[in-house]
Amino acid sequence: MERTCAFCGKQAELMQSHVLPAFVFRWLRKRSGKGHLRHTDKPNVRVQDGIKQPWLCGTCEGHFGQYETAFATKVFHPWHGGDYRIPYREWMLKFAVSVSWRVLKYARGRNPDATYSEEQNRLMDEAEARWRAFLDGEVPHPDKFEQHLLIFDFVEKTSFDDLPNNFNRFMTGAVTLDIVGSGESLMTFAKMGRFMIFGIIQKGPNRWEGTKLHVRDGLLKPGKFVLPAGLIDLFRQKASFVSAAMAEMSDTQRAKIDKRVQENLDEFAASDQFAAIMADADMFGVDAVISKYLMDKS
Ligand SMILES: [Zn+2]
């Protein structure tokens, strides 16, 4: 059946497109050794893949796929392998915009509790059009609808109080997306493990430093970053949500997971997920992590 492609508007057979790139979900599955994905909303349900939508034609899916491959092979996997100085070219901003465009398209209107001002609704239309024009090569840059990238590494100490005790696991492991903001700021938020992409829709009074992606080239490396203060509340809230969803997991399900981890203990001990659990144990105490191995699965 032919339908309208959400990106180019042509009539075509639509692909089942990932809202967030498929390589992220492959990584997530491998991350805990022989792990399987579970939906945060329904922790007892195993899912083989992330959210998919029938919305792009084969040509558009192919374009997005090129940026995804560049980001996966040049940034995402090398960084996990310990390469913390990564130069990037034009593909980086294209990838970020393609992600932000998808998040906006998918998340807008999906949360019944979210209310937007008239100006914010207008800006969402503008951002969507500008990002599409940039991806199409009609305009040279996203203009005021900037892209910011934050790469999170484990924290042992922080100046913030009241962080949920799965904070490191959430920040390094969870995969999630949303449109976030306040009365005077708005942005898309895509979290792919420790990589977080923010697509600015309404900048507001927020200060960002060291996170903006450039059009032509740049260098990704650890450093000092300034983020809007409200984001820590967002992270805290989302991490608590994962924690609460996992706490509702049935005993049978929990026992199965414990058994699987015990059977694959060597593999698990070497995994990135184990490192995140240890970071939480250092920061919040061992009680905070026992029998909660999979809290950061999204
Ligand atoms: Zn298309």
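Order of listing sets the numbers, starting from 1, for every ligand and every atom in it.
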Passing option when F195 is tested against W27, F189, F23, F71 for ring-ring contact (aromatic ring centres under 6.0 Å, His included):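 So the option named by the test is F71.
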Aromatic contact, F134 with W101 (centres under 6.0 Å):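 Centroid distance F134-W101: not below 6.0 Å, so no.
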Validation row, ring centre Y67 to ring centre H63 under 6.0 Å: no
Protein N, O or S atoms lying under 2.8 Å from the Zn ion (ligand 1), listed by chain and number: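 For the Zn ion (ligand 1), the protein N, O and S atoms that sit under 2.8 Å away are C5 SG, C8 SG, C57 SG, C60 SG.
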Pairs where residues 195-207 contributes a residue and the test salt bridge (charged side-chain N to carboxylate O under 4.0 Å, His left out) is met, not counting sequence neighbours: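 Passing the test, one end in residues 195-207: E146-K203, R207-E209.
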Parallel, tilted or perpendicular: rings of F7 and F64 (30°, 60°):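 F64 and F7: perpendicular rings.
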pair K105-E128: side-chain heavy atoms closer than 4.5 Å: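 Yes, their side chains come closer than 4.5 Å.
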